[in-house]
Every structure is written in C-alpha cells, then in structure tokens.
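The sequence lines fix the lettering, A, B, ..., with proteins before strands; numbering per chain opens at 1. Reckoned from all heavy atoms, side chains included, excluding hydrogens, waters and symmetry mates.
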2 protein chains.
Amino acid sequence: MKADALRGHLDALILAVVEDEPLHGYGISEALHSRSEGAIDLPTGTLYPALRRLERLGYLRSSWSTVGGRKRRTYQLTRSGRAELAARQHDWHQTSSVIGAILGTGPAG
Amino acid sequence: MKADALRGHLDALILAVVEDEPLHGYGISEALHSRSEGAIDLPTGTLYPALRRLERLGYLRSSWSTVGGRKRRTYQLTRSGRAELAARQHDWHQTSSVIGAILGTGPAG
DNA sequence: TTTCGATAGGTAGCTAGACGACATGTAGGC
DNA sequence: GCCTACATGTCGTCTAGCTACCTATCGAAA
C-alpha cells in the first residue's frame with residue numbers, strides 16, 4: 001500500500017508509533033510495516049521529509065546516537081506532539097465514520 | 001471537513017452518490033453534505049474539476065438539461081465507473097482497517 | 001578482497017489533487 | 001436594485017507523497 005492512500009493521515013501514524021517508544025527513522029518504517037501486517041512500506045523519500053516536517057512543527061524532537069557503528073537519529077514525541085496525535089486520532093475517527101457511512105462500512109465497522 | 005482529509009477517496013464518494021441516481025454537480029455536493037450530516041462541504045474548485053476528471057477517465061457520463069430556467073449538467077455512472085467504485089470501496093476498507101489498527105479503531109471498532 | 005543485503009540517513013525534481021479567489025449567469029423575494 | 005439560493009466553471013498556488021538518486025557502515029558470502 002502506498003502512503004498516497006493514507007494521505008493526510010500519515011503524520012498521525014508516525015506520531016502513533018513513536019508514542020509507545022522513541023524510534024529512529026528506519027525503526028519507524030519497520031514498526032509501520034509490521035503493525036500493518038506488511039501493508040505499509042514507506043519509501044525513504046516519503047518518510048524522512050515527513051519526520052523533518054514533524055520536527056519543524058514541534059511535534060517531534062530528535063537526537064543522534066551511534067549504535068553498532070551506525071548513526072541513528074532517534075525521534076521522540078513532544079508534549080505538543082502528543083496533543084496533535086490526539087487531535088489527529090479524533091480527525092481520523094470522524095473521517096472514517098463519514099466515509100464509511102457513504103461507502104458502506106463493510107464487515108464489522 | 002475539508003476534502004483534503006478525504007484525499008484519494010473523494011472520487012469514491014462521488015461515484016457512490018451517483019450510483020443510486022444520476023445527479024448534477026450541485027446535487028452531488030448537496031447529497032454529500034446531507035449524507036455526511038453536514039461534515040462534507042465541497043468547494044466548487046474541488047468538485048467541478050473532480051467531475052471532469054472522472055468523466056475524462058470514463059467513470060461518469062454527462063448530459064445537459066434545463067430545469068427551472070437553469071442549466072444543469074447531470075452525471076451518471078458508467079459500467080466502468082461501477083467497477084471503479086467497487087475497487088475504490090475495497091481500497092477504502094483495506095486502508096481504514098490498516099489505519100484503524102495503528103491509531104486504534106476507537107469505540108467498538 | 002570484493003561484493004551484496006540489511007541497516008541507516010538523506011536530497012532534488014516531479015506530480016496529483018485540493019484550495020481560495022474569481023467569473024458568469026438565472027430565479028425569486030424584499 | 002439588491003440579496004440569497006441555485007448552477008457551472010477556471011486559474012494559480014500549495015501540500016505532500018513519489019521516483020530516482022546519493023552516501024555510509026557492518027557482516028556474511030563468494
């Protein structure tokens with residue numbers, strides 16, 4: 001599945017996976033991949049600009065470290081990022097219920 | 001709610017409302033407004049280009065008429081539009097279940 | 001030793017689609 | 001005459017995701 005299908009909700013997904021624990025870009029990509037059972041496979045040209053944008057907006061804070069000789073930039077959710085995530089989750093529930101009502105919610109919601 | 005939140009799924013919504021009965025642009029706008037309980041309010045700069053695109057792609061067919069002295073362009077779903085709608089509905093169910101699984105489906109989801 | 005896959009981070013240029021602002025016109029009520 | 005609802009449309013702008021490309025480390029395989 002392309003992130004294009006998630007348009008406008010990708011930020012929420014990223015914020016959601018770093019909510020549980022701070023993660024670096026590659027780790028976020030893997031977390032989304034596994035949590036979606038393989039459905040989400042973000043190209044780096046989508047992920048990294050998104051992370052930088054979210055940091056610029058103040059929702060994430062990053063720090064560099066070196067693990068196993070490789071440099072990592074680890075992102076953690078800020079206070080305002082946590083609030084943003086809650087708002088985005090609310091947006092998502094509204095959006096999905098509206099679209100679901102028109103398209104037919106299908107099996108079990 | 002902005003159509004931006006529906007990105008990539010707006011076409012499906014339009015095809016869905018004209019599936020039941022042929023409608024003109026303004027009527028489609030009203031149908032989406034009422035079916036979403038007021039949540040969707042499409043600007044004309046979003047709706048009309050979308051309709052022309054869907055017609056160009058062969059999913060809709062239009063015809064002009066005059067009702068009460070006003071000109072209407074009425075759109076109806078084509079055979080291929082019907083197939084496209086089914087495909088888009090399927091996409092939506094997949095997308096919403098993936099996002100729901102990560103964000104939390106909310107109450108009883 | 002070189003090559004390859006996994007890990008790790010990044011940019012540049014392109015494109016689709018939604019947006020706000022604007023343009024045009026009819027009909028009916030005040 | 002003016003306003004609101006009805007009705008259709010364009011134009012230039014902006015967001016955000018995409019493809020393609022680049023750099024670099026590490027361990028295993030050839």
Side-chain angles (χ1 to χ4, degrees), chain A residues 1-15 18 22-34 39-57 59-60 62-75 84 88 91 95 98-99, chain B residues 1-15 18 22-34 39-57 59-60 62-75 84 88 91 95 98-99:
Chain A
M1 178 189 292
K2 299 299 191 61
D4 233 348
L6 318 169
R7 271 257 184 187
H9 304 285
L10 178 61
D11 289 2
L13 298 180
I14 292 173
L15 296 177
V18 296
L23 283 172
H24 58 296
Y26 194 85
I28 290 169
S29 176
E30 286 200 306
L32 288 173
H33 187 75
S34 71
I40 298 177
D41 197 2
L42 296 182
T44 65
T46 295
L47 178 63
Y48 292 108
L51 290 173
R52 297 175 78 75
R53 180 165 37 81
L54 291 170
E55 185 170 23
R56 182 166 41 81
L57 292 168
Y59 303 143
L60 294 178
S62 72
S63 56
W64 286 94
S65 60
T66 301
V67 178
R70 294 190 186 90
K71 284 185 177 171
R72 283 184 178 180
R73 187 168 186 168
T74 301
Y75 291 89
E84 180 69 11
R88 298 269 194 163
D91 282 354
T95 299
V98 163
I99 299 183
Chain B
M1 177 188 293
K2 299 298 191 62
D4 232 349
L6 319 169
R7 270 254 184 187
H9 304 285
L10 177 62
D11 290 2
L13 298 180
I14 292 173
L15 296 176
V18 295
L23 284 171
H24 60 298
Y26 194 85
I28 291 169
S29 175
E30 286 200 306
L32 288 173
H33 188 76
S34 70
I40 299 177
D41 197 3
L42 295 181
T44 65
T46 295
L47 178 62
Y48 291 107
L51 290 173
R52 299 176 77 75
R53 177 165 36 82
L54 291 170
E55 185 170 23
R56 181 165 43 78
L57 292 169
Y59 303 143
L60 295 178
S62 72
S63 57
W64 286 93
S65 60
T66 302
V67 177
R70 294 189 187 91
K71 283 186 179 174
R72 284 182 176 181
R73 186 167 186 168
T74 301
Y75 291 88
E84 180 69 11
R88 299 269 191 161
D91 283 355
T95 300
V98 163
I99 299 182

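Between A:Arg7 and A:Asp4 there is a salt bridge, with a side-chain nitrogen of the basic residue lying less than 4.0 Å from a carboxylate oxygen of the acidic one. Here B:Asp11 pairs with B:Arg53 in a salt bridge; the nearest charged N to carboxylate O distance falls below 4.0 Å.
Between D:dT8 and B:Arg52, no contact under 4.0 Å exists linking OP1 or OP2 to a side-chain N or O. Look at B:Arg73 and you'll find a side-chain N or O under 4.0 angstrom from OP1 or OP2 of D:dG9. Between B:Lys2 and D:dT15 there is no side-chain polar atom (N or O) within less than 4.0 angstrom of OP1 or OP2. OP1 or OP2 of D:dT8 has not a single side-chain nitrogen or oxygen of B:Thr44 nearer than 4.0 Å.
Whole-Å rounding puts the B:Arg72 CZ to D:dT8 C1' distance at 12 Å. Counting to the nearest Å, the P atom of C:dG17 and the CG atom of A:Asp4 are 8 Å from each other. Rounded to whole Å, atom C1' of D:dG17 lies 15 Å from atom CG of A:Leu32. Distance, B:Leu42 CG to C:dG17 P: 15 Å, rounded to whole Å. A:Leu47 places its CG atom 17 Å from the C1' atom of D:dC21, with the value rounded to the nearest Å. Rounded to an integer number of Å, the gap from OH of B:Tyr48 to C1' of C:dC19 is 16 Å. With rounding to whole Å, A:Lys71 atom NZ is found 11 Å from D:dC26 atom P. As a whole-Å value, the separation of B:Asp41 CG from C:dA18 C1' is 14 Å.
In this structure, A:Arg73 and A:Ser62 approach most closely via the heavy-atom pair NE-OG, 3.1 Å.
When atom types are taken as modelled, the side chain of B:Ser29 and the backbone of B:Gly25 share no donor-acceptor pair closer than 3.5 angstrom. Looking only at distances, no side-chain donor or acceptor of A:His33 sits under 3.5 Å from a matching main-chain atom of A:Asp41.
B:Arg70 comes within 4.0 angstrom of a nucleotide base, judged by non-hydrogen atoms across all strands.
The side chain of B:Pro43 lies closest to C:dG20 when the candidates are D:dA5, C:dG20, C:dA8.
Each of A:Gly45 and A:Arg7 was matched to the nucleotide of DNA chain C holding its nearest heavy atom; the match closer to the 5' end belongs to A:Gly45. Summary of the strand contacts: A:Pro49 and A:Gly68 both lie near DNA chain D, and taking for each the nucleotide with the nearest heavy atom, the more 5' one is attributed to A:Pro49.
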